[in-house]
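In listed order, ligands and their atoms are each counted from 1. Computed from a predicted structure; not experimentally measured. Atom set for the values below is all heavy atoms of this structure, side chains included, hydrogens, waters and symmetry mates excluded.
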Amino acid sequence: MNILVVGGAGYIGSVCAELLLNEGHQIAILDNLSEGHRAAVDQRARFVEGDLADRDGIAQTVARLRPDAVMHFAGSALVAESMRDPSKYFRNNIANGLNLLDAMVAADVRQIVFSSSCATFGLPERTPIDETFPQLPINPYGESKLAFEKILRWYDRIHGVRFISLRYFNAAGASEKFGEDHRCETHLIPNVLKVALGRQPHVEIFGTDYDTPDGTCIRDYIHILDLACAHILGLGTSASASYNLGTGGGSSVRQVIDSCRKVTGKKIPVIERSRRSGDPPRLVATSEKIKRELGWRPQFQALDTIVSSAWKWHQRFPNGYGD
Ligand code: UFG
């Protein structure tokens, strides 16, 4: 297939583009490089530097490329930032996304795989979270992802744009080529590995008084390669659907740090801090629906396997993409 990967120079988009190329698909990557990196663009892909805010530009790009499908990874994804600057989130994740959808409709492109988030569920009453749980976001980031999920339903109904919304839990790990390098790094695993690399003196634990077995937050870490495979399965579907993507297992912050100690053989000093605002204590998915309906089979579920892949990448690229 001809696929346009929007946001394909970012962490998750770059690995998905790599897998699509490995499977023989033709890929064009559109990215404005605000969060993405030129060095994360797979050399086998065609690269278009462009911004979804540029409504005419994106319309021209989609009309020129006429892809069979679009994968949409572009967006802003920091919860704390969304609490300070909601406008950025509603603009980037909703208004700019609409420019993409309208360009698709105009060019008769009727298939999209969309990066949604577990943040659309807010504070779930229990776990694991399945697709029937109420979606009640507690921050503008989650709200913006939920709004776009709803917009997709209307574009399907009115314009026949088939969608797959994938609600990621905590994407982690790396492929051989591409890994996690955010300009503003807030995520746990890369922050812990920076300490292992000697680039930071210690890692901070945000909150040790949660109602969890060791007092720290529990998250469902999913290997980026398993996440990428789900996108490829999403391309083959004939009906629109939304799926939660996790492993069904949860790891606490302390367990992640212990896994990093084990994998790296480094001491990794910690400092215990107070809670980070907006962190739900426990977010764990059940992904039975995508397993049942699309035959998704995650292969790299063990936390140590995920951390090992990230460690390999960070050792190889200690300065990330260096831009
Ligand atoms: N944490 C630390 N120290 C750090 C970084 C994180 O203790 O240096 C803790 C956080 O407080 C949280 C856990 O580690 O309890 C995981 O934090 P991350 O920032 O790695 O991930 P989040 O669960 O906050 O974020 C993920 C996705 C977001 C998404 C969000 C939904 O990365 O894109 O889940 O809640 F929006």
Side-chain angles (χ1 to χ4, degrees), residues 7 10-13 35 73-83 86 88-89 92-93 114-124 127 129 133 135-146 148-149 165-173 180-182 184-197 199-224 227 244-247 250-260 268-285 303 306-307 310:
Y11 171 42
I12 303 172
E35 300 293 336
F73 299 94
S76 302
L78 298 176
V79 170
E81 183 186 54
S82 81
M83 294 296 281
K88 176 174 175 182
Y89 281 72
N92 283 351
N93 296 354
F114 170 59
S115 304
S116 188
S117 171
C118 62
T120 59
F121 289 106
L123 285 172
T127 56
I129 302 167
F133 273 50
Q135 287 179 290
L136 300 166
I138 55 165
N139 49 58
Y141 168 62
E143 194 72 68
S144 69
K145 289 287 180 182
L146 178 58
F148 202 72
E149 281 195 12
S165 288
L166 298 176
R167 299 174 190 138
Y168 309 156
F169 281 62
N170 286 59
E180 191 165 11
D181 177 16
H182 296 109
C184 165
E185 192 52 83
T186 60
H187 294 94
L188 180 61
I189 293 176
N191 277 345
V192 181
L193 295 181
K194 272 187 192 163
V195 181
L197 281 171
R199 298 173 66 84
Q200 294 289 337
H202 56 255
V203 65
E204 297 176 318
I205 299 183
F206 300 132
T208 54
D209 58 349
Y210 286 98
D211 184 15
T212 59
D214 69 15
T216 65
C217 286
I218 292 176
R219 294 288 180 275
D220 187 344
Y221 295 90
I222 170 171
H223 198 295
I224 188 94
L227 208 59
N244 294 354
L245 269 186
T247 64
S251 304
S252 72
V253 173
R254 289 195 202 281
Q255 285 173 322
V256 169
I257 296 170
D258 282 343
S259 169
C260 292
I268 310 182
V270 303
I271 292 188
E272 295 184 1
R273 301 273 189 223
S274 51
R275 294 180 177 197
R276 191 173 74 174
S277 129
D279 273 344
R282 188 188 295 263
L283 287 173
V284 176
L303 181 61
I306 295 173
V307 168

Test item, Y221 contacting ligand 1 (heavy atom, 4.0 angstrom): yes
Sidechain-backbone polar pair: T212 side chain, T216 backbone, donor-acceptor under 3.5 Å: yes
Protein heavy-atom partner closest to atom 30 (C) of ligand 1 - residue, atom, separation in Å: V79 CG2, 4.3 Å
Heteroatom proximity flag, R276 to ligand 1, N/O under 3.5 Å: yes
Sub-4.5 Å side-chain heavy-atom contact between F169 and I129: yes
Test item: side-chain donor near acceptor, E81 and Y89, under 3.5 Å: yes
Under 3.5 Å side-chain donor-acceptor pair for E149 and S116: yes
Side chain, backbone, both or neither: R219 near ligand 1, heavy atoms under 4.0 Å: side chain
Test item: S82 and K88 side chains (from C-beta on) under 4.5 Å apart, heavy atoms: no
From V253, T186, L283 - option closest to atom 14 (O) of ligand 1 by heavy atom: V253
Part of C118 with heavy atoms under 4.0 Å of ligand 1, whether side chain, backbone, both or neither: side chain
Ring-face cation contact, Y210 with R275, 6.0 Å cut, 45° max: yes
Ligand 1 versus Y141: contacting region, heavy-atom distance under 4.0 Å: side chain
Atom indices of ligand 1, in the order listed, that fall short of 4.0 Å to a heavy atom of N191: 8 (O)
Parallel, tilted or perpendicular: ring planes of H182 versus H187, cut at 30 and 60 degrees: tilted
E204/R276 ion pair, N-O < 4.0 Å: no
Short N or O distance, L188 and ligand 1, threshold 3.5 Å exclusive: yes
Nearest neighbour in protein (non-hydrogen) for atom 15 (O) of ligand 1: C217 CB, 3.0 Å
Closest protein heavy atom to atom 11 (O) of ligand 1, given as residue, atom name and distance to 0.1 Å: D279 OD2, 2.5 Å
Numbering as shown, the atoms of ligand 1 that approach S117 to under 4.0 Å (heavy-atom distance): 29 (C), 36 (F)
Protein contact to atom 27 (C) of ligand 1 [nearest heavy atom, distance to 0.1 Å]: H187 NE2, 4.1 Å
Nearest-contact summary for atom 25 (O) of ligand 1 - protein heavy atom, Å: N170 ND2, 3.9 Å
Heavy-atom nearest neighbour in the protein, as seen from atom 33 (O) of ligand 1, with distance rounded to 0.1 Å: A77 O, 3.4 Å
Part of R275 with heavy atoms under 4.0 Å of ligand 1, whether side chain, backbone, both or neither: neither
Nearest-contact summary for atom 7 (O) of ligand 1 - protein heavy atom, Å: F206 N, 2.9 Å
Top protein contact for atom 3 (N) of ligand 1, by heavy-atom distance: E204 O, 2.7 Å
Charged N-O contact under 4.0 Å between E185 and K194: no
P280 N/O under 3.5 Å from ligand 1 N/O: no
D220 side-chain N/O to T247 backbone N/O, donor-acceptor pair under 3.5 Å: yes
Expected output: side-chain S252 to main-chain Q255 donor-acceptor under 3.5 Å: yes
From I205, D258, V203, L197, residue fulfilling side chain to side chain contact (heavy atoms under 4.5 Å, CB included) relative to V192: V203
Atoms of ligand 1, numbered as shown, that sit under 4.0 Å from any heavy atom of I205: 7 (O)
